[in-house]
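Remember, predicted model here, so these are calculated numbers, not experimental data. Letters A, B, ... mirror the listed sequences (proteins, then strands); counts begin at 1.
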Amino acid sequence: MLDPKLIRENPDSIRTMLENRRASWPIEEALALDTRRRELLAEAESLKAMRNEGSRKVAALKKEDPEKARLMETLREAGVRVKALDAELAKVEERFEELLLQLPNMPHPSVPVGVDENDNPEIRRWGTPPSFPFPPRPHWEIGEALGIMDFDRGAKLAQARFTVLRKAGALLERALINFMLDLHTREHGYEEVAPPFMVNSATMRGTGQLPKFAEELYRCEGDDLWMIPTAEVPLTNLRAGEILKEEELPLYLTAYTPCFRREAGSYGRDVRGMLRQHQFDKVEMVKIVHPDSSYDELEKLTSNAERVLQILGLPYRVICLCTGDMGFASSKTYDIEVWLPSQGKYREISSCSNCEDFQARRMNTRFRSKDTGKIRFVHTLNGSGIAIGRCLIAILENYQREDGSVKVPEPLVPYMGGLEEIA
RNA sequence: GGAGAGAUGGCCGAGUGGUCGAAGGCGGUCGACUCGAAAUCGACUAGGUGGUCUUGAAGCCGCCUCGUGGGUUCAAAUCCCACUCUCUCCGCCA
């Protein structure tokens with residue numbers, strides 16, 4: 001959520017933002033609602049002030065004073081009018097709020113203006129894509145041949161886009177989770193959290209999934225609960241509604257969770273294999289920080305995610321999402337893309353964003369400044385650290401050998417109970 | 001699922017119709033004392049929002065908020081209704 005004052009005082013900045021994001025939003029309606037809201041507020045408040053003062057007089061007047069009955073009648077009439085004004089005000093505010101919740105975040109000035117993924121500049125590359133003396137196979141062929149991935153039975157148990165991992169495949173999944181959590185908690189200073197995998201509507205609203213993206217979520221019938229599409233949701237909302245002490249900042253949180261996404265609108269894309277699943281595992285990193293340091297923290301966060309790939313020896317590149325390709329809640333996003341030999345290209349494996357105070361406003365998470373005593377919104381960041389399923393795919397493809405076996409990256413061997421190859 | 005108890009400021013806790021945005025305590029900030037600290041003493045210390053003034057901040061005026069939403073009343077933390085959550089006991093259960 002953006003500051004309503006910004007819309008009122010600088011509507012052109014909103015218009016530019018919407019254009020750059022290729023988004024539409026009824027700004028004229030919002031401005032009219034804001035004006036009407038303030039008119040109604042002024043009128044209702046002055047009436048209430050009058051009534052409050054009158055009530056104080058009533059209390060002071062003697063019971064038999066004829067003035068008392070007259071005054072009470074006047075105030076009763078004022079009360080009727082106040083009720084009508086409040087009712088209209090509530091309607092106007094409800095609509096205004098609804099609109100505010102649909103307005104995307106303002107991109108940082110350093111974000112390149114662009115239309116789609118073709119306009120995302122590459123920031124840096126790490127590693128060299130491996131060359132194979134044979135045509136590299138896609139992960140689903142490798143996985144099925146090794147008996148560690150079972151797509152048919154995943155579909156039988158649930159639906160398409162669900163996969164069963166078995167034996168060394170299931171073990172590799174677990175090894176990756178533990179490896180990443182250990183790295184972030186022991187070397188990068190994150191606190192490990194085990195959050196709920198289902199959250200309520202208010203929590204979903206806090207990070208921006210609701211109300212706009214409900215069709216992307218799985219919901220539990222009969223309860224106000226939704227399956228989380230990412231651990232960003234519970235981690236970021238952990239301190240919702242709280243006023244933090246400045247000394248508590250920055251908070252670094254990490255969690256492993258499964259993620260549940262309906263993938264509505266992605267029909268026909270990445271249908272084979274487990275690149276795009278309805279349920280996938282992810283280790284997520286979230287930061288809750290002082291507004292002055294959030295862009296330094298974004299760089300550090302991104303490098304924390306890169307470190308995972310470096311240790312695993314997986315080639316990647318970092319791109320900066322342009323205005324037309326950015327997520328709804330983000331001010332600036334770096335995507336990390338890992339090399340997939342079977343596709344001969346880099347594919348997203350992590351997304352690191354600074355949401356500035358966009359989520360903090362929705363969640364109402366603030367801190368009290370030590371110097372001034374004033375209360376300000378925190379900044380929130382999130383980044384995959386990293387997507388487990390896609391990392392597993394990348395390992396299978398980059399470490400595959402001609403005989404169909406897969407070498408286990410050395411740092412992972414201890415997490416695999418000493419297993420050095422999957423054969 | 002059944003029965004009961006509860007929800008008040010950063011925390012604890014008092015408050016059954018007006019003098020209450022709220023006693024008292026803790027915590028915090030500032031000041032006095034001190035070479036410094038502790039102890040002691042004093043002052044200040046909820047959030048949101050509209051207006052006004054201002055380059056801005058501060059200030060000033062007002063409105064709202066005592067779990068949430070309604071209702072009664074000139075007036076609600078206080079009375080009524082519904083809901084949510086927490087705790088205790090019973091049932092069920094990994």
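Taking a pair to require two hydrogen-bonding distances under 3.5 Å in either a Watson-Crick or a G-U wobble arrangement, B/rG9 remains unpaired. Base pairing analysis places B/rC44 opposite B/rG28; the two distances defining the Watson-Crick or G-U wobble pair are each below 3.5 Å. Checking B/rG62 for Watson-Crick or G-U wobble geometry (two distances, each under 3.5 Å) identifies B/rU49 as its partner. Nucleotide B/rC83 has B/rG67 as its partner under the Watson-Crick or G-U criteria, with both atom distances under 3.5 Å. The nucleotide B/rA57 finds no pairing partner, because no Watson-Crick or G-U wobble arrangement with both distances shorter than 3.5 Å includes it. Within the shown strands, nothing qualifies as a pairing partner of B/rU78 under the Watson-Crick or G-U definition with both distances less than 3.5 Å. Across all strands shown, B/rC89 pairs with B/rG2; the Watson-Crick or G-U wobble distances both stay below 3.5 Å.
Going from atom CG of A/D3 over to atom C1' of B/rG50 covers 14 Å, rounded to whole Å. Distance, A/K83 NZ to B/rU73 P: 8 Å, rounded to whole Å. Rounded to an integer number of Å, the gap from A/N364 CG to B/rA46 P is 18 Å. Distance A/E242 CD to B/rA46 C1': 16 Å, rounded to the nearest Å. The separation between A/R366 atom CZ and B/rG47 atom C1' is 6 Å, rounded to whole Å. Here the C1' atom of nucleotide B/rU29 and the NZ atom of A/K245 are 13 Å apart, to the nearest Å. The CG-P distance, from A/L41 to B/rU65, rounds to 13 Å in whole Å. As a whole-Å value, the separation of A/R368 CZ from B/rG28 C1' is 9 Å.
Side-chain nitrogen and oxygen atoms of A/R51 include at least one within less than 4.0 Å of the OP1 or OP2 phosphate oxygen of B/rA75. Put simply, A/R38 has a side-chain N or O that comes within less than 4.0 Å of OP1 or OP2 on B/rG51. One finds a side-chain N or O of A/R37 lying less than 4.0 angstrom from the OP1 or OP2 phosphate oxygen of B/rG50. Distances shorter than 4.0 Å separate none of the side-chain N or O atoms of A/K68 from OP1 or OP2 on B/rA75.
Residue A/F358 holds its CZ atom at 10.5 Å from OG1 of A/T207, rounded to the nearest 0.5 Å.
Annotation: B/rU16 and B/rG6 have their P atoms spaced 14 Å apart (nearest Å). Taking atom P in both B/rA57 and B/rG51, one finds a spacing of 13 Å when rounded to whole Å. Nucleotides B/rA75 and B/rC20 place their C1' atoms 13 Å apart, quoted to the nearest Å. Straight-line distance between the C1' atoms of B/rG28 and B/rC11: roughly 11 Å, to the nearest whole Å. The same atom, P, is picked in B/rG67 and in B/rC12; the two are 14 Å apart, to the nearest Å. A gap of 27 Å separates the P atoms of B/rU78 and B/rC61, to the nearest Å. Separating the P atom of B/rG71 from that of B/rG17 is a span of 23 Å, rounded to the nearest Å. For the C1' atoms, the distance from B/rG36 to B/rG59 is 38 Å, rounded to whole Å.
Using a 30° and 60° split on the angle between ring planes, A/Y252 and A/Y190 fall in the tilted class, from 30° to 60°. A perpendicular orientation is assigned to the rings of A/F179 and A/Y415, their planes being inclined by more than 60° (bins at 30° and 60°).
Residue A/L71 is out of contact with every strand shown, counting any heavy-atom pair closer than 4.0 Å. Contact annotation for A/A42: no contact, since no heavy-atom pair falls under 4.0 Å across all strands.
Nearest nucleotide to the side chain of A/M72, out of B/rG50, B/rC74, B/rC64: B/rC74. In the set B/rC63, B/rG48, B/rC74, the nucleotide with an atom closest to the side chain of A/R76 is B/rC74. If you check B/rC64, B/rG50, B/rG47 against the side chain of A/K48, the one that comes closest is B/rC64. Here the nucleotide nearest the side chain of A/E45, chosen from B/rG62, B/rG50, B/rC74, is B/rG62. Closest to the A/N52 side chain, of the nucleotides B/rC63, B/rG48, B/rC74, is B/rC63.
More than 12 heavy atoms of other residues, nucleotides or ligands lie within 6.0 Å of CD in A/E122, so this atom counts as buried by the packing criterion. The 12-atom threshold is exceeded at CZ of A/R376, counting heavy atoms of other residues, nucleotides or ligands nearer than 6.0 Å.
Place A/D34 and A/A59 on RNA chain B by their nearest nucleotides, and A/A59 ends up nearer the 5' end. Judged by closest nucleotide on RNA chain B, A/E53 is the one of A/E53 and A/L75 placed further toward the 5' end.
Between A/L100 and A/I7 the shortest side-chain heavy-atom distance falls below 4.5 Å. Annotation: side chain of A/P229 is in contact with side chain of A/M204 (closest heavy-atom distance under 4.5 Å).
Judged by distance alone, with hydrogens and angles left aside, the side-chain atoms of A/S293 form no donor-acceptor pair with the main-chain N or O of A/V289 at under 3.5 Å.
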